[in-house]
J.: 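Got a structure here, written out as structure tokens. Questions coming.
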Amino acid sequence: MVELKTNTSIDAMHAAGQVLARALTAVRQAADVGVSLLELDEVARGVLREAGADSPFLGYRPSFAPTPFPAVICASVNDAIVHGIPTAYRLRDGDLVSIDCGARLDGWASDSAISFTVGRPRPADVRLIETAERALAAGIEAAVVGNRIGDIAHAIGTVCRGAGYGIPDGFGGHGIGRQMHEDPSVPNEGRPHRGMRLRHGMVLAIEPMLIAGGTDGYHAAPDGWTLKTNDGSRAAHAEHTVAITEDGPRVLTDRG
Ligand code: MG
Ligand code: MG
């Protein structure tokens with residue numbers, strides 16, 4: 001069931017989203033060659049704590065997971081697509097990092113992700129990240145009243161496939177509100193004009209995931225959480241929490 005949010009609730013979700021935006025900006029600023037993923041998790045924890053927010057990631061345990069998630073960020077490096085557990089791994093020159101984070105404030109959740117490189121970037125990674133951001137922007141642009149879920153999916157998929165990248169099947173965006181994951185699901189590929197009609201008050205996490213090698217296959221790493229590409233190529237992830245309003249899409253996790 002899809003819960004429509006009031007304008008007051010959307011404002012409250014925006015406040016949560018702005019804490020999250022600050023956390024991601026701080027993580028990105030801290031990330032550099034030699035910095036560990038655990039240190040980045042600590043940076044995000046500090047921003048949430050300072051704001052009086054808590055983490056919808058910490059302790060989260062969906063049905064596929066062998067253990068509760070132990071951190072407030074997912075840190076997915078190089079061939080890891082999403083759900084990477086922060087470890088003592090220290091970032092190396094040219095690594096491609098995706099950071100996914102959530103913040104819950106006054107009971108309202110937000111969810112957002114960024115991808116970036118550290119040290120000297122590979123041109124192929126720059127193109128991959130730019131395409132992820134372009135796919136996210138296209139998905140957001142399609143998130144308007146009167147469109148359907150399939151229009152968002154189609155917009156994202158067209159950008160990803162058009163650039164020759166793969167799309168991990170079965171993972172994508174979702175409704176969000178008091179719970180981090182609510183109905184409906186928002187696939188990263190689909191047919192236009194199909195699926196649920198978009199209405200004022202729907203809030204969606206839109207999140208393209210791209211596989212550089214152009215194949216769609218992935219598998220779970222031995223930790224049971226981290227999803228890695230089957231072809232060993234690198235992956236990128238970009239995500240915003242977006243409210244659908246009569247005035248157009250409102251990006252609640254905008255980093256300014
Ligand atoms: Mg996320
Ligand atoms: Mg999400």
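Sequence positions, counted from 1, serve as the residue numbers for this chain. Read the numbers this way: they start at 1 and go in the same order the structure lists the ligands and their atoms. If you're wondering where the values come from, they're calculated on a predicted model, not measured in any experiment.
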J.: N/O/S of Glu239 less than 2.8 Å from the Mg ion (ligand 1)?
T.: yes

J.: Do Ser233 and Asp231 pair up side chain to side chain, a donor and an acceptor below 3.5 Å, judged on atom types alone?
T.: yes

J.: Is Asp54 salt-bridged to Arg104, cutoff N-O under 4.0 Å?
T.: yes

J.: Distance check below 2.8 Å: does His174 bring an N, O or S atom to the Mg ion (ligand 2)?
T.: yes

J.: Which single N/O/S atom of Asp100 lies at minimum distance from the Mg ion (ligand 1)?
T.: OD1

J.: Give the ring-plane orientation class for His83 versus Phe64, where under 30° counts as parallel, over 60° as perpendicular and anything between as tilted.
T.: parallel

J.: Could Asp11 and Arg250 be called an ion pair, given the rule that one side-chain N must be under 4.0 Å from one carboxylate O?
T.: yes

J.: Does Asp216 come within less than 4.0 Å of Arg161, counting only side-chain N to carboxylate O?
T.: yes

J.: Counting backbone and side-chain atoms alike, does Glu207 have an N/O/S atom under 2.8 Å from the Mg ion (ligand 2)?
T.: yes

J.: Hey, which N, O or S atom on Asp111 ends up closest to the Mg ion (ligand 1)?
T.: OD1

